[in-house]
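Take a look at the structure set out below.
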Amino acid sequence: KNEVEQSPQNLTAQEGEFITINCSYSVGISALHWLQQHPGGGIVSLFMLSSGKKKHGRLIATINIQEKHSSLHITASHPRDSAVYICAVTPTQGGSEKLVFGKGTKLTVNP
Amino acid sequence: EAQVTQNPRYLITVTGKKLTVTCSQNMNHEYMSWYRQDPGLGLRQIYYSMNVEVTDKGDVPEGYKVSRKEKRNFPLILESPSPNQTSLYFCASSFGTGTGELFFGEGSRLTVL
């Protein structure tokens with residue numbers, strides 16, 4: 001079983017819809033990252049979280065450390081939000097700086 | 001401009017011919033790392049470095065070497081490439097994965113024939 005599970009794997013929405021992508025993990029962590037990868041490959045960091053909630057424009061990320069769960073929300077979705085969204089965690093075990101990735105959620109927003 | 005620069009962006013090579021993919025960052029980051037991305041498997045960590053002369057294995061280090069002689073550079077070396085190393089490679093840097101935003105290079109698409 002992968003240490004980081006994302007759901008759904010694929011998501012299709014209409015422009016303007018509210019979107020939620022989920023990430024669950026099975027290990028203790030020091031941080032969780034949400035990344036965005038557009039077609040063509042480049043990866044951009046959206047958020048780094050260790051507790052609570054962060055907001056940037058139409059994007060909101062939350063994390064519940066006790067439940068080992070994080071969500072990425074997109075309000076008023078737009079076709080330019082179409083991308084793969086990747087969750088990654090830094091496990092606390094061993095004091096290392098490893099990163100463990102989920103397999104990504106492919107989001108398509110139709111006009 | 002803050003950036004992570006990888007070269008080459010695209011490379012086709014043959015089995016056994018040593019190659020190096022360079023990675024350089026201009027943000028004075030301590031942490032640098034290499035990942036490979038394959039369909040169905042997602043991103044996987046190859047090696048990472050917490051500072052000069054400090055490197056550690058990720059989840060898939062076999063067939064790769066790295067060095068960190070200077071803070072800004074973290075080259076990935078394939079001593080004897082094999083077809084199963086055909087992949088999309090990303091370098092990233094930050095002040096620390098538990099403390100700082102990750103900055104990624106644009107990726108290097110490697111094909112080993």
Side-chain angles (χ1 to χ4, degrees), chain A residues 1-10 21 23-25 27-51 54 56 59 61 63 65 70 83-106, chain B residues 1-6 8-10 23 25 27 29-51 54-61 66 68 74 87-110:
Chain A
K1 185 180 185 294
N2 204 24
E3 289 176 309
V4 180
E5 298 281 353
Q6 287 185 236
S7 63
Q9 280 188 298
N10 292 284
I21 298 170
C23 175
S24 295
Y25 51 92
V27 296
I29 67 169
S30 58
L32 182 144
H33 299 260
W34 281 104
L35 310 171
Q36 180 191 56
Q37 185 174 27
H38 276 109
I43 300 174
V44 174
S45 175
L46 298 175
F47 295 104
M48 190 198 74
L49 295 160
S50 53
S51 65
K54 286 190 177 179
H56 185 252
L59 301 178
I63 188 168
I65 296 293
S70 175
V84 176
Y85 292 84
I86 302 166
C87 171
V89 302
T90 301
T92 52
Q93 64 202 54
S96 76
E97 291 278 340
K98 278 190 175 185
L99 267 183
V100 181
F101 296 86
K103 291 201 166 101
T105 295
K106 184 177 181 182
Chain B
E1 182 192 348
Q3 60 184 6
V4 178
T5 304
Q6 292 180 228
R9 295 284 317 281
Y10 302 91
C23 175
Q25 51 95 3
M27 294 165 278
H29 285 160
E30 283 80 21
Y31 177 88
M32 296 186 75
S33 185
W34 278 102
Y35 310 93
R36 60 178 290 172
Q37 186 176 40
D38 301 288
L41 297 176
L43 283 158
R44 293 178 292 168
Q45 191 167 36
I46 304 171
Y47 270 96
Y48 63 96
S49 168
M50 282 308 301
N51 215 324
V54 180
T55 63
D56 211 343
K57 295 178 182 177
D59 292 318
V60 288
V66 291
R68 187 94 182 268
F74 190 45
S87 188
L88 178 58
Y89 291 87
F90 287 98
C91 178
S93 74
S94 80
F95 286 114
T97 61
T99 55
E101 177 184 356
L102 287 161
F103 291 81
F104 285 82
E106 293 181 309
S108 296
R109 186 167 293 281
L110 171 64

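All values below were derived from every heavy atom in this structure, side-chain atoms included, with hydrogens, water molecules and symmetry-related copies excluded. Just so we're on the same page: letters track the sequence lines, and every chain starts at 1. For clarity, every value in this text was computed on a predicted model and none was experimentally measured.
Counting heavy-atom pairs closer than 4.5 Å to chain A, the top-ranked of the candidates Leu43(B), Leu88(B), Leu41(B) is Leu43(B). Comparing Gln37(B), Lys57(B), Arg109(B), Glu106(B) by how many heavy-atom pairs each has under 4.5 Å with chain A, the most go to Gln37(B).
Contact of Ile86(A) with chain B is made through the side chain alone, with heavy-atom distances under 4.5 Å. Gln37(A) touches chain B through its side chain: at least one heavy atom from C-beta onward sits under 4.5 Å away, while N, CA, C and O do not. At a 4.5 Å heavy-atom cutoff, Leu46(A) makes no contact with chain B through either its backbone or its side chain.
Atoms CZ and CG, from Phe90(B) and Leu35(A) in turn, are 10.5 Å apart once rounded to the nearest 0.5 Å.
Closest of all the heavy-atom pairs between His33(A) and Leu102(B) is ND1-CD1, 3.7 Å. The two atoms that bring Phe104(B) and Ile43(A) nearest to each other are CB-O, 3.5 Å, heavy atoms only.
Listed by chain and residue number, nothing satisfies the side-chain hydrogen bond (donor to acceptor under 3.5 Å, both in side chains) test with Asp59(B) (two or more places apart in sequence, or in another chain). Annotation: side-chain hydrogen bond (donor to acceptor under 3.5 Å, both in side chains) contacts of Glu101(B) (sequence neighbours excluded): none.
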